[in-house]
Amino acid sequence: MSSREYPAQPLIGAGALIISGENIVLVTRIHEPLKGEWSIPGGLVELGETLRATTEREALEETGLAVQAGAVVEVIDRIITDADGRTRYHYVLIDFLCRVTGGDLRAGGDAGEARWVGRGELANYEIREPAMRVIAKAFEMSLM
């Protein structure tokens, strides 16, 4: 398995945009990168696992919610370099629009906190621009 920090190749991850009405589930990360920050639940694809299965597994582990992964919202490159310009983290992230099929919200896995956040409350959370862009797109897609 490749190291997450200074990896030999990009790592593939999947994110769960869990939306219900005007609310979305956000989690805080307990590991780098983004340690302590609010973000979209998700994680790395395991060998032999599909992207949708990864999304559903990670959502359950991090939020306690069983979800069904639907449409792809966005595919993004997340590349973080160090002070010397070396690639410290490199993820290719595929984010899916998800609907809840069961469970109760609670933080677990790599999430320190998990909560439903109203669309109008997002500005109160320090969420990085790429995630905010994907969240906005997911809300628009959820209305279709």
Side-chain angles (χ1 to χ4, degrees), residues 1-20 23-101 103 105-144:
M1 182 173 146
S2 177
S3 170
R4 289 179 186 229
E5 192 170 17
Y6 299 102
Q9 69 277 328
L11 303 174
I12 301 169
L17 290 141
I18 306 167
I19 292 180
S20 179
N23 299 298
I24 187 166
V25 174
L26 296 178
V27 297
T28 56
R29 311 255 47 105
I30 61 172
H31 300 293
E32 292 293 348
L34 308 181
K35 182 178 180 179
E37 295 185 33
W38 289 97
S39 192
I40 300 162
L44 294 181
V45 177
E46 294 179 354
L47 186 64
E49 186 176 49
T50 67
L51 289 166
R52 282 184 171 76
T54 298
T55 304
E56 293 167 358
R57 174 183 54 77
E58 287 286 343
L60 184 61
E61 288 174 6
E62 293 188 357
T63 72
L65 298 173
V67 302
Q68 180 179 31
V72 172
V73 175
E74 189 81 44
V75 177
I76 62 171
D77 298 298
R78 190 74 159 126
I79 302 169
I80 301 170
T81 57
D82 65 16
D84 297 324
R86 292 178 35 215
T87 300
R88 184 172 178 193
Y89 298 100
H90 185 169
Y91 297 99
V92 176
L93 303 171
I94 301 92
D95 293 315
F96 291 87
L97 187 60
C98 298
R99 69 175 185 84
V100 176
T101 59
L105 185 64
R106 54 122 188 98
D110 293 333
E113 292 182 64
R115 71 173 62 147
W116 285 104
V117 176
R119 188 175 189 176
E121 301 169 13
L122 288 169
N124 300 329
Y125 292 77
E126 291 185 26
I127 302 168
R128 301 241 178 154
E129 190 278 330
M132 283 296 283
R133 187 178 66 248
V134 172
I135 289 167
K137 187 173 179 180
F139 272 118
E140 293 308 312
M141 289 176 66
S142 73
L143 299 175
M144 295 178 186

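For this chain, numbers begin at 1 and follow the sequence in order.
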Taking side chain as C-beta onward, heavy atoms only, is [X] less than 4.5 Å from [Y]?
{"X": "Ile76", "Y": "Arg133", "answer": "yes"}
{"X": "Trp116", "Y": "Ile18", "answer": "yes"}
{"X": "Glu129", "Y": "Met132", "answer": "no"}
{"X": "Arg128", "Y": "Arg78", "answer": "yes"}
{"X": "Leu34", "Y": "Tyr89", "answer": "no"}
{"X": "Asp95", "Y": "Lys137", "answer": "no"}
{"X": "Leu93", "Y": "Val134", "answer": "no"}
{"X": "Val72", "Y": "Leu51", "answer": "no"}

For the [atom1] atom of [X] and the [atom2] atom of [Y], what is their distance to the nearest 0.5 Å?
{"X": "Arg99", "Y": "Ile19", "atom1": "CZ", "atom2": "CD1", "answer": "14.0 Å"}
{"X": "Leu17", "Y": "Ile24", "atom1": "CG", "atom2": "CD1", "answer": "5.0 Å"}
{"X": "Glu58", "Y": "Cys98", "atom1": "CD", "atom2": "SG", "answer": "11.5 Å"}
{"X": "His90", "Y": "Ile12", "atom1": "NE2", "atom2": "CD1", "answer": "10.0 Å"}
{"X": "Ser39", "Y": "Ile135", "atom1": "OG", "atom2": "CD1", "answer": "7.0 Å"}
{"X": "Ile94", "Y": "Thr55", "atom1": "CD1", "atom2": "OG1", "answer": "8.0 Å"}

Under a 3.5 Å distance rule, please check whether [X] uses its side chain to pair with a backbone N or O of [Y] as donor and acceptor.
{"X": "Arg115", "Y": "Ala107", "answer": "no"}
{"X": "Thr101", "Y": "Ala66", "answer": "yes"}
{"X": "Glu126", "Y": "Glu37", "answer": "no"}

Above 12 or not: heavy atoms from other molecules or residues under 6.0 Å from CG of Leu105?
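More than 12 heavy atoms, drawn from other residues, nucleotides or ligands, come within 6.0 Å of this atom.
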Within a radius of less than 6.0 Å around CG of Leu47, do more than 12 heavy atoms belonging to other residues, nucleotides or ligands occur?
no
Salt bridge check, Arg57 against Glu46: does any charged N sit closer than 4.0 Å to a carboxylate O?
yes
Using the six-membered ring of Tyr6, assess whether NZ or CZ of Arg86 lies under 6.0 Å from its centre and within 45 degrees of the ring axis.
yes
Please find the pair of heavy atoms, one from Gly85 and one from Thr81, that lie closest to each other, and give the distance.
O-CG2, 3.9 Å
Where do Arg106 and Leu60 come nearest, in terms of heavy atoms and distance?
NH2-O, 3.6 Å
Evaluate Arg52 against Glu56 for salt bridge (Lys or Arg N to Asp or Glu O under 4.0 Å), listing each step before the verdict.
CA-CA 6 Å; Arg52 282 184 171 76; Glu56 293 167 358; over 6 Å; no
Distance only, no hydrogens: is a donor on one side chain within 3.5 Å (strictly under) of an acceptor on the other, for Thr54 and Glu49?
yes
